[in-house]
**Q** 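Take a look at the following structure, please.
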Amino acid sequence: MRTTHRSTRTALLVAALAAASLSLTACGGGDAGAKDAGSARTTQSAAPQSPTSAPAAPATTGSGESATGTTGTTGTTGTAGGSGDATASAAPAAAKGSTVADAKAPVCAHGDVRITAAKADEVPTEHVVLTATNTSGRACRLLGHPLIAFGEIQTAKDVPPVAQSKPAAPVVLAPGAPAYANVRISAGGVHEDNKVVKEFNVNLFAADGPAEGSVVVAAPAGGIAVDEKVAKTGYWTPELRNGADEF
């Protein structure tokens, strides 16, 4: 009888242990499910973060707008360059037109100009300045340099020109306009070869060489001391160039 009770108690204990084991297993499974559910929630809550990174796209759009602005600036610069090219091409055309007009003007003759002489502003006097003023009432071209004779035309020594004073463009005198030539007459001071000149002859160039005849020019008051050995003349120029014709 005791054996029967003992067996019955043993069976009850085994059943209780089995039930407890099943209960613990069920609880453990619940925790795993909760953990899985929590992981799922975490994953789902993290997923909405991807729209947060989406605004990177407008940055690309902004960059594109910036590039468009740069293109506009380049376009403006191109327009300015085109304007500069037009100006540069216009200048040679104007110069060419001026040259054609100069070529059509007749050559100045003796009767077209009035020639005067004045002492240069220096002591002692080493230079005189010749001024040829157009009195013809029309434009004319003054060629080359003055042909000067300090004394009798037949015996006077030719006064050589100074090449460095030659102008780059033709000298065209409008009515009433002057041209100038700087002339060295001596080396300064008193010299035994100096001679006093009260008047002298000036000739002009024609289109084919020296013109026929000459103009008598009165020397400045008191006359000028001329040393024909050192005498030189500059070319006719439209303005008296300070220092450019010194020789």
**Q** Could you measure the distance from the CZ atom of F200 to the CG atom of L130? Nearest 0.5 Å is fine.
**A**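 Reported to 0.5 Å precision, the distance equals 5.0 Å.
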
**Q** Check the orientation of F205 and H145. Use parallel for under 30°, tilted for 30 to 60°, and perpendicular for over 60°.
**A**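 Rings of F205 and H145: perpendicular, as their planes differ by over 60°.
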
**Q** Would you please test I153 and S214 for side chain to side chain contact (heavy atoms under 4.5 Å, CB included) and show each step?
**A** CA-CA 9 Å; I153 295 178; S214 61; 3.4 Å; yes

**Q** Apply side chain to side chain contact (heavy atoms under 4.5 Å, CB included) to residues L142 and L204 and explain how you reach the verdict.
**A** CA-CA 8 Å; L142 197 57; L204 302 178; 4.2 Å; yes

**Q** Identify the heavy atoms of F247 and K232 that sit nearest to each other, and give their distance.
**A**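 Where F247 meets K232 most closely, the heavy atoms are CE1-O, 3.6 Å.
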
**Q** Please round to the nearest 0.5 Å and tell me the distance separating atom CD1 of I224 and atom CD of E126.
**A**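 Separation between the atoms: 13.0 Å.
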
**Q** For W236 and L173: C-alpha separation, side-chain torsions, deciding distance, then whether side chain to side chain contact (heavy atoms under 4.5 Å, CB included) applies.
**A** CA-CA 11 Å; W236 294 114; L173 300 182; over 6 Å; no

**Q** Are any side-chain N or O atoms of S165 and backbone N or O atoms of Y235, one a donor and one an acceptor, separated by less than 3.5 Å?
**A**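 Judged by distance alone, yes, a pair lies under 3.5 Å.
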
**Q** Going hydrophobic residue to hydrophobic residue with side-chain gaps under 4.5 angstrom, can you get from V183 over to V171?
**A**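 Yes, it is one cluster - the side chains of V183 and V171 are joined through contacts under 4.5 Å.
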
**Q** How far does NZ of K104 sit from CZ of R141, to the nearest 0.5 angstrom?
**A**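 If I round to the nearest 0.5 Å, the distance is 12.5 Å.
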
**Q** Find out if a path of hydrophobic residues (ILVMFWY) with successive side-chain heavy-atom gaps under 4.5 Å connects I185 to V217.
**A**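 Yes, it is one cluster - the side chains of I185 and V217 are joined through contacts under 4.5 Å.
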
**Q** Is the shortest heavy-atom distance from the side chain of K166 to the side chain of P161 under 4.5 Å?
**A**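 No; the side chains remain at least 4.5 Å from each other.
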
**Q** Once you round to the nearest 0.5 Å, how far does CG of N194 lie from CD of E228?
**A**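 The CD atom of E228 is 10.5 Å from CG of N194, to the nearest 0.5 Å.
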
**Q** Cut-off 3.5 Å, no hydrogens considered: what does the side-chain donor-acceptor table look like for residues 112-120, sequence neighbours left out?
**A**
| residue | atom | partner | partner atom | Å |
| --- | --- | --- | --- | --- |
| D112 | OD2 | A109 | N | 2.8 |

**Q** Search all heavy atoms of R138 against all heavy atoms of S136 and return the closest pair with its distance.
**A**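 Closest heavy-atom pair between R138 and S136: O-OG, 2.9 Å.
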
**Q** Of all the heavy-atom pairs spanning F150 and K195, show the shortest one and how long it is.
**A**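 Between these two residues, the closest heavy atoms are O-NZ, 2.9 Å.
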
**Q** Verify side chain to side chain contact (heavy atoms under 4.5 Å, CB included) between C140 and N134, making sure each step is shown before the conclusion.
**A** CA-CA 8 Å; C140 66; N134 184 0; 3.8 Å; yes

**Q** Would you indicate whether the side-chain heavy atoms of E212 and N203 approach each other to under 4.5 Å?
**A**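 No, side chains not in contact.
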
**Q** Please give me the minimum heavy-atom distance between G151 and N201, naming the atom from each residue.
**A**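 Heavy-atom minimum between the residues: O-ND2, 3.4 Å.
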
**Q** Measure the spacing between CG of N182 and OG1 of T237 and express it to the nearest 0.5 Å.
**A**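 Those atoms lie 8.5 Å apart.
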
**Q** Above 12 or not: heavy atoms from other molecules or residues under 6.0 Å from CD of E122?
**A**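 Atom CD in E122 is crowded, with more than 12 foreign heavy atoms closer than 6.0 Å.
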
**Q** Between V129 and Y180, what is the shortest heavy-atom contact and its length?
**A**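 The answer is CG1-CD2, 4.3 Å.
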
**Q** Which atom pair, heavy atoms only, marks the closest approach of A231 to P160?
**A**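 So the minimum-distance heavy-atom pair works out to O-CD, 3.4 Å.
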
**Q** With rounding to the nearest 0.5 Å, note down the distance linking CG in L147 to CG in D158.
**A**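 Atom-to-atom, L147:CG and D158:CG are 8.0 Å apart.
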
